[in-house]
Amino acid sequence: MSTRLDFSKLTLMDALDLASLIELEATKRYREFAESLGSRGVDDAGSVFRSMAVNETKHCEEIAERRLALFGDRPARVTLDDIYDVEAPAVGDVRWNMSVLKAYQLALYSEQKAFAFYDEALEYVEQPDIKALFEELRDEEAEHVSMLVKIIAKLPPSATVELEDEDYDPNRPARDSFEV
């Protein structure tokens, strides 16, 4: 499991903070990907990651509002150091030339990872209110998985095309040394 927390000792506030941090970590990673890839148009990998960052931000905000309503501004005891890549795509999974299909598949894998996290965490949660929260979060991740599966199924054949390096010339011989 990608956390060092003892789920049997979480309070509801801790669980909400954990869920918020998971969404925040995913948001940050998607933003990093979008910024590093840039945008070449409306339908590119960078655009996919920007839209995923927006979705994760909304989910993070919903959880934060709920936490604020229940616990006010009490300081969190759970930090980003307590989790790692629960929902966030792995840093090395993005390539500069990735296709739209690959970007969506990476997002799908990330949502499946989050579903598995909450599903596994439920085995260790004892408090009914936290169990209910984690079931709700797991079910939301399942909805995200379903949404991405539907998007992927509707992608046009062009979504599989990866970008080409415009500077690459297969007819130009490689040099062993450079002339000065």
Side-chain angles (χ1 to χ4, degrees), residues 1-37 45-95 98 102-152:
M1 182 161 295
S2 36
T3 180
R4 61 182 185 178
L5 299 171
D6 182 349
F7 290 104
S8 66
K9 295 181 180 173
L10 287 180
T11 65
L12 181 57
M13 185 179 87
D14 294 337
L16 286 165
D17 289 337
L18 172 67
S20 185
L21 288 170
I22 289 169
E23 300 298 328
L24 179 63
E25 181 187 39
T27 298
K28 286 181 175 182
R29 189 73 48 82
Y30 281 126
R31 283 183 183 152
E32 288 171 12
F33 290 168
E35 287 174 18
S36 70
L37 292 177
S47 297
V48 171
F49 295 133
R50 269 188 299 290
S51 71
M52 290 304 297
V54 168
N55 291 339
E56 298 299 340
T57 298
K58 286 178 188 173
H59 201 203
C60 186
E61 289 169 352
E62 291 168 2
I63 295 167
E65 286 174 16
R66 191 170 174 181
R67 194 255 196 223
L68 183 64
L70 290 171
F71 301 104
D73 60 356
R74 288 177 45 199
R77 298 182 316 160
V78 179
T79 69
L80 272 175
D81 292 336
D82 293 317
I83 64 170
Y84 182 72
D85 282 353
V86 172
E87 182 173 0
V91 175
D93 285 347
V94 170
R95 296 182 330 274
M98 75 188 313
K102 292 287 186 193
Y104 274 118
Q105 287 172 333
L106 179 58
L108 174 62
Y109 171 72
S110 298
E111 297 297 328
Q112 290 168 329
K113 219 171 41 164
F115 174 89
F117 171 82
Y118 287 115
D119 197 49
E120 184 179 340
L122 280 165
E123 296 176 30
Y124 304 98
V125 173
E126 298 167 3
Q127 294 183 18
D129 53 351
I130 298 172
K131 189 174 272 296
L133 173 66
F134 278 12
E135 287 171 346
E136 177 187 329
L137 293 168
R138 180 197 58 195
D139 293 347
E140 285 183 22
E141 299 301 344
E143 288 176 23
H144 298 164
V145 166
S146 178
M147 173 193 71
L148 287 167
V149 166
K150 289 175 184 172
I151 289 171
I152 289 170

Across all chains, not counting sequence neighbours, the salt bridge (Lys or Arg N to Asp or Glu O under 4.0 Å) partners of Glu35 are none
A quick test of your reading: do over 12 heavy atoms of other residues, nucleotides or ligands sit less than 6.0 Å from [atom1] of [X]?
X	atom1	result
Lys102	NZ	no
Phe71	CZ	yes
Asp73	CG	no

- Query: According to the interplanar angle, ranging from 0 to 90°, do the rings of Phe134 and Phe117 count as parallel (below 30°), tilted (30 to 60°) or perpendicular (above 60°)?
  - Reply: tilted
For Ala90 and Phe33 the tightest heavy-atom approach is O-CZ, 3.4 Å
What one should report as the nearest heavy-atom pair of Leu133 and Ala15 is CD2-CB, 3.7 Å
Min side-chain heavy-atom separation [X]-[Y] under 4.5 Å:
X	Y	answer
Glu56	Glu111	yes
Met13	Leu70	no
Val86	Leu18	no
Met52	Leu148	yes
Pro89	Tyr30	yes
Glu87	Arg29	no

Working to the nearest 0.5 angstrom, can you tell me the gap between [X] [atom1] and [Y] [atom2]?
X	Y	atom1	atom2	answer
Glu126	Leu10	CD	CG	10.5 Å
Phe49	Ser36	CZ	OG	8.5 Å
Ile130	Glu135	CD1	CD	12.0 Å
Ile22	Glu141	CD1	CD	8.5 Å
Met98	Leu37	CE	CG	7.5 Å
Met147	Asn55	CE	CG	5.0 Å

Report task. Check for a donor-acceptor pair, side chain of Lys113 on one end and backbone N or O of Ala88 on the other, with a separation under 3.5 Å. Result -> yes
Original post:
Between the side chain of Ser110 and the main-chain N/O of Leu106, is any donor-acceptor distance below 3.5 Å?
Top reply: yes
Which is it for Leu137 and Ile63 under the side-chain contact (heavy atoms from CB on, under 4.5 Å) test, yes or no, and what are the steps along the way? CA-CA 10 Å; Leu137 293 168; Ile63 295 167; 3.9 Å; yes
Check: Less than 4.0 Å between a side-chain N and a carboxylate O, is that true for Arg66 and Glu136?
Finding: yes
- Hey, are Asp17 and Arg67 close enough for a salt bridge, meaning a charged N less than 4.0 Å from a carboxylate O? yes
Residue set satisfying side-chain hydrogen bond (donor to acceptor under 3.5 Å, both in side chains) with Glu25, at least two apart, ordered chain then number -> none
Result for side chain to side chain contact (heavy atoms under 4.5 Å, CB included) between Val78 and one of Leu21, Thr11, Leu16 points to Leu21
Which of Glu62, Arg31, Lys28, Glu23 passes side chain to side chain donor-acceptor pair (under 3.5 Å) with Thr57? Answer is Arg31
